[in-house]
Amino acid sequence: MRIEEDVKLDFKDVLIRPKRSTLTTRKDVDIRRDYIFKWSEKSFSGVPIIAANMDGVGTFEMAKAFEKDGHGLTTALTKHYTPKELVRFYKDHGGDSSWYSIGISQGDVEKMKEVMSDLKKSVVQPINKICIDVANGYSQGFVDVVKRMRDEFPHMTIMAGNVVTGEMVEELILSGADIVKVGIGPGSVCTTRKMTGVGYPQLSAIIECADAAHGLGGHVCSDGGCTVPGDLSKSFGAGADFVMLGGMLAGHDQSECKIVKKNGQKFIEFYGMSSKEAMTKHAGGVADYRASEGKNVHIPYRGDVKDTLQDILGGVRSACTYVGAKRLKELSKRTTFVRVTQQINTVFGSH
């Protein structure tokens, strides 16, 4: 046993220090990024925000909304669509706006190959971006799957996670991941830290993992912990190449979930993908060797996602103007974090 004495930081622990700027309007800020990925050599051009591969967030409807929005945001599709549904989606809208999500079971891999085979028969562009997603990215079995997928699909862009330390980021990139997903336990409906005692404050995780990835020509995606637009600015300022959002995009028309009414108000169900609700829905219940590591909540109905996207993108643009970053690419170079004991004035609560 050992103890690391240096303090690790979360979004709530810092603010971004403003700097002199020559920007006169938020319209001048370019929040798109252009990347060429290490292994696939494919390019990305767009706003580097990804809808999480969760029920109610990583949906076909969210992908369609993002594509219609025109900013180049992408959606990591939930793993639980049927092959027939996935083939229909890729035939109608293509794969540019979405990531195909898989776990590490052989069944997940075989399902993806079935979908790809059906798409090739229809002369449709095959899947070109995959998200290999597990809660614990530290297992050798996970690393082996990443290696196998890279060998089998050399020109596919692979995002893999989740981890929170630099040494594991390096191993995953050297094993074939183009992007490593960073975050253990920060999500709004994740209870991993409570149930296991394992995790890492998200801001420090991004800083350390981005440093490790960029040294090898790889990229990182911060996954979890954002509750307000300012948290995205802090993520990008800390070095994240992409930011994945779950709870901030839940509760909208695009959730594909039923709206329920309570006391005259509309709500939409949202749950973690390791929750009892998710495992009951997709696996017939919680296996006798594990515990639920997620919770179930009802989020007030929020209408179309476009208004939330305007708030998010506007907040990031505004952060860039405060530090003189004309492009999102410059934000991390112009970010100085200051330690704080309080973020906002809460005298009037949430109103």
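Owing to the predicted nature of the structure, the values given are computational and were not obtained by experimental measurement.
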Any salt bridge between [X] and [Y], counting N to O under 4.0 Å?
X: E4; Y: R2; answer: yes
X: E171; Y: K147; answer: no
X: D69; Y: K306; answer: no
X: K64; Y: E61; answer: yes
X: K121; Y: D118; answer: yes

Handout entry: Contacts of I259 that satisfy side-chain contact (heavy atoms from CB on, under 4.5 Å) - sequence neighbours left out
Key = K266, I268, Y301

Any donor-acceptor pair under 3.5 Å linking the side-chain atoms of [Y] with those of [X]?
X: Q254; Y: D304; result: yes
X: K8; Y: Y200; result: yes
X: T157; Y: D178; result: no
X: T321; Y: R26; result: no
X: E85; Y: T82; result: yes
X: H214; Y: D241; result: yes

Practice task
Flag yes if I16 and V228 sit in one hydrophobic cluster, no otherwise; membership is Ile, Leu, Val, Met, Phe, Trp, Tyr, and two members link when side-chain heavy atoms are under 4.5 Å apart.
Solution key: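 Different hydrophobic clusters.
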
Roughly how far apart are [X] [atom1] and [Y] [atom2], rounded to 0.5 Å?
X: I206; Y: S332; atom1: CD1; atom2: OG; answer: 12.0 Å
X: K234; Y: L15; atom1: NZ; atom2: CG; answer: 5.0 Å
X: D307; Y: I312; atom1: CG; atom2: CD1; answer: 11.0 Å

Handout entry: Under 3.5 Å: donor-acceptor pair, side chain of R150, backbone of S175
Key = no

Completion exercise
The remaining residues in the hydrophobic cluster of F267, counting side-chain heavy-atom contacts under 4.5 Å among Ile, Leu, Val, Met, Phe, Trp and Tyr, are V260

Practice task
Kindly give the cluster partners of F37, where membership spreads through any ILVMFWY side chain lying under 4.5 Å from a current member.
Solution key: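 For the cluster that includes F37, the remaining residues are Y35, F44, I50, W99, M159, I179, F242, M244.
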
Handout entry: Intermediate values then yes/no, side-chain hydrogen bond (donor to acceptor under 3.5 Å, both in side chains), S101 and D133
Key = CA-CA 7 Å; S101 299; D133 180 59; over 6 Å; no

Handout entry: Candidates L313, I31, T74 - the one meeting side-chain contact (heavy atoms from CB on, under 4.5 Å) with I49
Key = L313

Problem - Y138 and its side-chain contact (heavy atoms from CB on, under 4.5 Å) partner, picked from N162, T165, V198 - result: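 Single pass found, and it is T165.
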
